[in-house]
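The structure under discussion appears below in the form of structure tokens.
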Amino acid sequence: MYLDLNRGREFYKKMLLIRRFEERCVELYSHEKIRGFLHLYIGEEAIAVGIMQALGAEDAVLATYREHGHALARGISANKVMAELYGKAEGASRGRGGSMHIFDAKSRFYGGSAIVGANLPLAVGMALSDKMMQRKRVTVCFFGDGAVAEGEFHESINLTALWQLPVLFVCENNLYGMGTALTISHSETNLARKAAAYRVHSQQVDGMDVLKVAQAAEEAVQRIHSAGGPVFLECLSYRFRAHSMYDAELYREKAEVEEWKTKDPLVLLQKRLETMGLWEETNAQGLEDEVSQIVNEAVDFAEKGTLEPIEDLMKFVYTPKEKQ
Amino acid sequence: MYLDLNRGREFYKKMLLIRRFEERCVELYSHEKIRGFLHLYIGEEAIAVGIMQALGAEDAVLATYREHGHALARGISANKVMAELYGKAEGASRGRGGSMHIFDAKSRFYGGSAIVGANLPLAVGMALSDKMMQRKRVTVCFFGDGAVAEGEFHESINLTALWQLPVLFVCENNLYGMGTALTISHSETNLARKAAAYRVHSQQVDGMDVLKVAQAAEEAVQRIHSAGGPVFLECLSYRFRAHSMYDAELYREKAEVEEWKTKDPLVLLQKRLETMGLWEETNAQGLEDEVSQIVNEAVDFAEKGTLEPIEDLMKFVYTPKEKQ
Amino acid sequence: MSENISYREALRMAIREAMLEDERVFLMGEDVGHYGGAYAVSMGLLKEFGAQRIIDTPLCESAFTGAGIGAALNGMRPIVEIMTANFSLLALDQIINNAASLLHMSGGQFNVPLVIRMASGGGKQLGAQHSHSFEGWFAHIPGLKILTPATVQDAYDMLHLALADPDPVLIFENALLYNSKGALETQKKALPIGKAFQHRSGKDLSIFTYGISLFKALEAAETLSAEGIDAEVIDLRSLRPLDDEAIMASVAKTHRVLIVDEGWRSGSISAEIMARINEQAFFELDAPMRRVCTEEVPLPYSQHLEQAAIPQSEKIVDMARTLME
Amino acid sequence: MSENISYREALRMAIREAMLEDERVFLMGEDVGHYGGAYAVSMGLLKEFGAQRIIDTPLCESAFTGAGIGAALNGMRPIVEIMTANFSLLALDQIINNAASLLHMSGGQFNVPLVIRMASGGGKQLGAQHSHSFEGWFAHIPGLKILTPATVQDAYDMLHLALADPDPVLIFENALLYNSKGALETQKKALPIGKAFQHRSGKDLSIFTYGISLFKALEAAETLSAEGIDAEVIDLRSLRPLDDEAIMASVAKTHRVLIVDEGWRSGSISAEIMARINEQAFFELDAPMRRVCTEEVPLPYSQHLEQAAIPQSEKIVDMARTLME
Ligand SMILES: Cc1ncc(C[n+]2csc(CCOP(=O)(O)OP(=O)(O)O)c2C)c(N)n1
Ligand SMILES: Cc1ncc(C[n+]2csc(CCOP(=O)(O)OP(=O)(O)O)c2C)c(N)n1
Ligand SMILES: [Mg+2]
Ligand SMILES: [Mg+2]
């Protein structure tokens, strides 16, 4: 994929937004502004940013419980995401979802799913409808290396291959499912090869390199449009932080984490831009300032947000009459 | 595998027993002596017979709801199986199981399972215990081509490969799961290849040829004992009869069925023996008579059987105190 | 306008009509197409509508149920058939953690207009993995609606009602009813979801029931009537929501309550109905409420044991006598 | 002999002892090894017992639960940990169609001595897919035993009791209790499965509860006591079997019943308890029985909504006042 200043700035800014947004989340968590589980995407920003830029507004996205990055990259406002983390009525899911359940109908963002692997069957059905209705759309489904062991992965990928459905599977292989290493999860650790066994077009991608992800995503979307069937991308990546805020990280060596940090997607992009002599012009400080403002505003917005009235607790168990 | 008269007679007799036993079942079903679902194994006899002969008494067997053949081939008496079909207290499962739930502790026959694919996780656990306790045993798990689409297949085969467990997977590929053809069930219809993607030693076998099955089974058991890990055999076969007694068979052509009947495992074995000049000596009529007597006795035994007292209905929901 | 057809045909007719009316409706499940449906409900529909809308799935309950949810989210009106209620356990994560929860988790953004049909119930000697009645148990889950058509009319109506509903609706079809025949009026306005129906008026006791037990209860009511006991028989029709109003009105009239359901006794829908009557109409009661449920045992194969385990008209009669003591 | 330790430590101690005593015992589940357990129950055990007996599984709830069943069938005494009760829905087919049914289907030949532990309950702002309380719901299933340790002593005792049981036992550990501390006597004979325990004697009303709600009920009883209302508080401990005897004895004494449970109201274990009291002790009742359950909503994330949804001491007090009117 061709890198120019515009694209460089855009990708950098998006990744930076996720990074700074989540760093702020950590602070806010320690101040108990955010509660529940909080899974950070830091280190994996290149995946969401690279994939999302290949999508159109009509495409649909299904993400995981580690989905702040996906939500922001999809263009959901930081305000809405932060307000959700605060549990406020102005949040993406009116505070009913929290960190693991960001939803946004406008951008066709179907969550935020906290049962590992359970978004995969939804992707099958979404793509099936598009195919039935002859809509030219792609459904993107994100999931981790851990999810690949679940039965729903097997069942779903078979259906998409069998029925030739327009699904882009994005496996974020960060080498661990919580504290369980890839090697003790899968007899075949090359997950792209695993997917290929279903006769699905599959590929491993350097998930730390936003350009490579972006390129693979564009090719994948194209292929889905032309050939019809699903594509599986295994994005090799790493989670820099703990699994959630409760994790003592006993299962991996500090050195391994440090090693991976040298491949930081932000640093990698910076180096590329430097090599091309575009870094100066990128005006990283300017982007930092912009991003900082977005994050500050989001915190402000969330702080000022209101709480859903307790009388509305039972709302949305069933579709309210007025919406039927 | 070397075929001699003894082996020829033994295999022929065992397959014949299953055939005649089930033919009688059809009659008995029409007389309402047998009720519920009745799934016939006719056409697939070579698989159960070929596999079982490779096992020792210490090995364990997990079968499907189409398991009369497996039960008889494992050496469970026709009396016990027939009495079970009659719902009698003398039946293998005291009449509580029926056709789909034949159990026999003595021969380590762990059922008879009517949830497609649900016996696969049990096989993992059985083999795991054997490995933990360093017992030199094999767990054999039978299942159909349809079962391979279930999530539990994926989850279970991964565990056995990952943990290198002594499981012999026997996939009875009879080209249909009920009325659903293999080609509309799986994106990859070579199921051995599918299994190989988990790094499991896999192989397709002619499931109509008892000798080939027997040979593959012996090699598999040997390999499991020496290498430790699982083996997957895909036995290519065909079900001559309807899926169950209620099936109008709208989903396949009569011609296809007739074509497959030319590969009848009994006929195939007969031809082999003829070629070798052993058929005369086999004394097929003698075997017919022996088998006929076994089946007659079984019917007699079942007819004379008693019913579990209704007062015992609630027995075996929990382990009775006296057995603890 | 009124025809005498089978429960199976009524279901098929409703599915067919819905598919003709609305291109968003489709049917998906194991063996619904080429085989014609495990219980022949969809026989002939593949030919009429093609494999795009009558979809034979591989064996993968979780994925095809989840696919139904995804399709519903994406504008369709899927009907998912699960062959037998026992197999729905394989799809429970999708049904509870997704279908029943998405609307709430998304703050009202994503409703799931999905219909799931399944064959349910014992009495066919199919053993413990094919015979259980989970409808009362599913009724515990907020976000779901649970329908239990007993009559041919309801088999037909409820399919239409379920498809018109914006939220996930589960229909439990007792497999022994598929061959039952009854009158069908296709032009009549259907009794809504959540409304019970009184099949027999009586003054001495109220029998609340649903599904196949309705007929056992009606039979029992005849026997009781010969003994001078006048039983009211009410078909609950919907187990979630329950028609509290109809239940309490009947209790206020008869003051004695008998509930018949095919679930296992402990934690059955009968218990919930008792709890509600206790809460809402305690002082109307002249005697302890009673229930006839399935014995708490994985259903055995042999006929005599299985029949002993499930509700029977005689047991209902006996229990009603106890209740009247 | 008596120590003051945490619920988490009591569980770990019991697992450790069992593993030292009996080579057939092992622990299997997601992140029980290298991670140390999602709620740190098994922290340190991998180091002590090795990866052969503290088994980190891939994400595959159905297969590893089924593997537990298989191992139990083959002579072992597995402890399967399911990280959160919501995830157990993925394993329900194995739990119900296999674990709970095998003994019966096999005519008594194959019992399944399996222990399944899971973290349960709301109040941690984890949203609808991580917070539900299914213990009462599971209690519907014959073949299973359902334990709900509330105290440190029971956390310890019940693990041992479950392992000694020949049939499948499910232990629901309310996740908010892991840090709670209490006295532990390791030498005392444990109160058997199926026995309730009276934590507070009272004469005006009986509060039946279990798990974390026990502490809310005890707190409510204190408040009520200040108002001159004397509440008896009984920890059910086991939801299947239920201790009918203890329940009826208490009802016979107080004549008023309040049940507190963390399940959704409709079809809750509270309903079953009400049904049984109605059946067995109807004429002892001076007033309608009452229950405080979780509101029928997928649990929301925001604290104020979540807290409003689950039982609280104040709601118990209010309901007790209503009951005493
Ligand atoms: C069905 C299910 N099982 C277990 C969990 C607990 N859990 C949450 S995230 C996680 C690890 C998932 O790993 P992976 O799919 O690799 O995604 P990652 O967290 O690495 O992004 C686990 C075990 C869950 N949420 N759902
Ligand atoms: C989980 C589950 N889903 C569906 C069924 C209904 N059913 C019984 S057998 C069968 C077909 C299974 O096909 P296959 O595995 O190929 O075995 P075969 O019957 O051909 O021997 C189906 C769909 C079931 N018993 N269990
Ligand atoms: Mg991962
Ligand atoms: Mg088959």
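From a predicted model like this one, the values you see are computed outputs, not experimental measurements. Letters go in sequence order (proteins before strands), and every chain restarts at 1.
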> Of the backbone (N, CA, C, O) and the side chain (C-beta and beyond), which part of B:Ser113 lies under 4.5 Å from a heavy atom of chain C, both, or neither?
Replying inline: both
> Relative to chain B, which of C:Ala309, C:Ala40, C:Pro300 shows the most heavy atom pairs under 4.5 Å?
Replying inline: C:Pro300
>> With heavy-atom distances below 4.5 Å as the criterion, would you say the side chains of C:His34 and B:Leu250 are in contact?
In response: no
> Checking C:Glu306 against chain B: side chain, backbone, both or neither under 4.5 Å from a heavy atom?
Replying inline: neither
> In Å and rounded to the nearest 0.5 Å, what is the OH to CG distance from B:Tyr251 to C:Asp31?
Replying inline: 8.5 Å
> Of the backbone (N, CA, C, O) and the side chain (C-beta and beyond), which part of C:Ser131 lies under 4.5 Å from a heavy atom of chain B, both, or neither?
Replying inline: neither
> Can you say whether C:Tyr39 sits under 4.5 Å from chain B via the side chain, the backbone, both, or neither, judging by heavy atoms?
Replying inline: side chain
>> I need the B:Glu84 CD to C:Ser302 OG distance, nearest 0.5 Å.
In response: 7.5 Å
>> Which atoms of B:Ala147 are under 4.5 Å from chain C, going by heavy atoms: the side chain, the backbone, both sets, or neither?
In response: backbone
>> Out of B:Gly151, B:Gly97, B:Gly117, return the one with the most heavy atom pairs under 4.5 angstrom to chain C.
In response: B:Gly97
> For the atom pair CD (C:Gln125) and CG (B:Leu38), what is the distance rounded to the nearest 0.5 Å?
Replying inline: 12.0 Å
> Do you know which of B:Ala118, B:Gly179, B:Ser244 has the most heavy-atom pairs under 4.5 Å to chain C?
Replying inline: B:Gly179
> Any donor and acceptor pair, going by atom type alone, linking the side chain of B:Thr180 with main-chain N or O of C:Pro58 inside 3.5 Å?
Replying inline: no
>> Using 0.5 Å steps for rounding, measure from the CZ atom of B:Phe37 to the NZ atom of C:Lys124.
In response: 7.5 Å
> What is the ring orientation for C:Tyr35 with B:His243, classed by angle as parallel under 30°, tilted 30 to 60°, or perpendicular over 60°?
Replying inline: perpendicular
>> Which one wins on heavy-atom pair count under 4.5 Å against chain C: B:Val148, B:Ile184, B:Val116, B:Asp247?
In response: B:Asp247
>> Let me confirm one number: the CD-CG distance from B:Glu150 to C:Leu59, rounded to the nearest 0.5 Å.
In response: 5.0 Å
> Do you know which of C:Gln307, C:Glu296, C:Glu295, C:His304 has the most heavy-atom pairs under 4.5 Å to chain B?
Replying inline: C:His304
> Got a second to check how far C:Asp56's CG is from B:Met178's CE, nearest 0.5 Å?
Replying inline: 10.0 Å
> Quick one: does C:Tyr301's side chain have a donor or acceptor within less than 3.5 Å of a partner on B:Arg35's backbone?
Replying inline: yes
>> Taking side chain as everything from C-beta outward and backbone as N, CA, C, O, which of these in C:Leu90 sits under 4.5 Å from a heavy atom of chain B? Side chain, backbone, both or neither.
In response: side chain
>> Looking only at heavy atoms and a cut-off of under 4.5 Å, which of C:Met43, C:Gln303, C:His130 has the most pairs with chain B?
In response: C:His130
> Taking every heavy-atom pair that is under 4.5 Å apart, which of B:Ile115, B:Ile310, B:Val317 has the most such pairs with chain C?
Replying inline: B:Ile115
> Should we count CD of C:Glu23 as having more than 12 external heavy atoms under 6.0 Å?
Replying inline: no
> Is chain C contacted by the side chain of B:Asp312, its backbone, both, or neither, given a heavy-atom distance below 4.5 Å?
Replying inline: neither
>> Tell me which of these, B:Gly95, B:Gly91, B:Ser99, B:Ala248, has more heavy-atom pairs under 4.5 Å with chain C than the rest.
In response: B:Gly95
